[in-house]
Amino acid sequence: MYHHRRLSLVRLALLLVDDLPTAEDVVQDAFTALFRRHGGRLASLDDPEAYLRTSVVNGARSVLRRRRTVRAHVPHAEGHAPAPEEDVLLHEDHREVLAALRTLTRRQREVLVLRYWSYLTEAEIAATLGLSRGAVKSTASRALDALGRRLEGLR
């Protein structure tokens with residue numbers, strides 16, 4: 001399962017925390033917690049992949065909470081510069097979409113990433129985030145509207 005799902009979970013975490021080393025740590029922690037809790041007996045879980053997804057989203061939330069707390073108590077320092085190859089790897093449109101995605105609320109970003117990056121259904125997103133299906137629908141709608149306005153303003 002680790003070899004099969006790790007990369008997609010790292011991508012999910014990366015879109016939520018916006019930092020590759022942290023995303024990798026979040027995913028590693030999710031797998032460690034799964035093993036510690038269930039060992040090699042994954043049959044006791046109804047859906048181990050859903051368990052991991054939820055664990056990754058919750059881990060990303062914890063990281064973001066810690067960052068917010070640290071930033072509230074530490075003077076703002078210069079941010080890290082993006083890797084030089086990032087500009088080469090991402091087309092201008094992709095950079096604009098990622099920048100616009102960062103302006104959304106945490107919940108909006110989570111819903112869109114789970115829907116359009118991880119291809120989850122509304123029911124799976126609701127289960128992963130602990131929301132109702134209606135909340136997922138309305139959050140996605142508002143997020144897409146905000147994203148559209150933001151991207152339209154860039155054109």
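By convention here, the first residue in the shown sequence is residue 1.
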**OP:** Decide if atom CZ of Arg5 counts as having more than 12 heavy atoms of other residues, nucleotides or ligands within a radius under 6.0 Å.
**Re:**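 Yes, the 6.0 Å shell around CZ holds more than 12 heavy atoms from other groups.
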**OP:** Return yes when atom CZ of Arg67 has more than 12 non-hydrogen atoms of other residues, nucleotides or ligands closer than 6.0 Å, and no otherwise.
**Re:**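 Yes.
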Original post:
For Thr139 and Arg142, does a side-chain donor sit closer than 3.5 Å to a side-chain acceptor?
Top reply: no
If you measure from [atom1] on [X] to [atom2] on [Y], what distance do you get to the nearest 0.5 Å?
| X | Y | atom1 | atom2 | answer |
| --- | --- | --- | --- | --- |
| Thr128 | Tyr51 | OG1 | OH | 13.0 Å |
| Trp117 | Leu101 | CH2 | CG | 11.0 Å |
| Leu7 | Leu14 | CG | CG | 11.5 Å |

Subject >> Trace of the side-chain contact (heavy atoms from CB on, under 4.5 Å) decision for Val27 with Leu52 >> reply: CA-CA 8 Å; Val27 171; Leu52 283 168; over 6 Å; no
[X] versus [Y], closest heavy-atom pair with distance:
| X | Y | result |
| --- | --- | --- |
| Ala140 | Leu112 | O-CD2, 4.2 Å |
| Val26 | Ala60 | CG1-N, 3.9 Å |
| Leu147 | Val97 | CD1-O, 4.5 Å |
| Ala100 | Leu151 | CB-CD2, 3.8 Å |
| Leu12 | Val56 | CD2-CG1, 4.1 Å |
| Arg6 | Phe31 | CA-CE1, 4.2 Å |

[X] side chain near [Y] side chain, heavy-atom distance below 4.5 Å:
| X | Y | value |
| --- | --- | --- |
| Arg115 | Glu122 | no |
| Tyr119 | Glu124 | no |
| Gln28 | Leu9 | no |
| Leu104 | Arg150 | no |
| Leu144 | Tyr116 | yes |
| Leu131 | Ile125 | no |
| Leu20 | Val10 | yes |

Under a 3.5 Å distance rule, please check whether [X] uses its side chain to pair with a backbone N or O of [Y] as donor and acceptor.
| X | Y | answer |
| --- | --- | --- |
| Ser141 | Lys137 | no |
| Glu24 | Pro21 | no |
| Thr22 | Asp18 | no |

**OP:** Could you walk me through whether Ser8 and Arg11 pass the side-chain hydrogen bond (donor to acceptor under 3.5 Å, both in side chains) test, one step at a time?
**Re:** CA-CA 5 Å; Ser8 64; Arg11 288 181 189 118; 6.0 Å; no
Original post:
Going through the distances and angles, do Leu129 and Val136 end up as a side-chain contact (heavy atoms from CB on, under 4.5 Å)?
Top reply: CA-CA 9 Å; Leu129 299 179; Val136 170; 5.5 Å; no
**OP:** Would you check, one step at a time, whether the test side-chain contact (heavy atoms from CB on, under 4.5 Å) holds for Leu98 with Leu15?
**Re:** CA-CA 8 Å; Leu98 289 175; Leu15 289 169; 3.8 Å; yes
**OP:** Please step through salt bridge (charged side-chain N to carboxylate O under 4.0 Å, His left out) for the pair Glu110 and Arg61, ending with a clear verdict.
**Re:** CA-CA 10 Å; Glu110 289 171 352; Arg61 286 177 175 171; 3.0 Å; yes
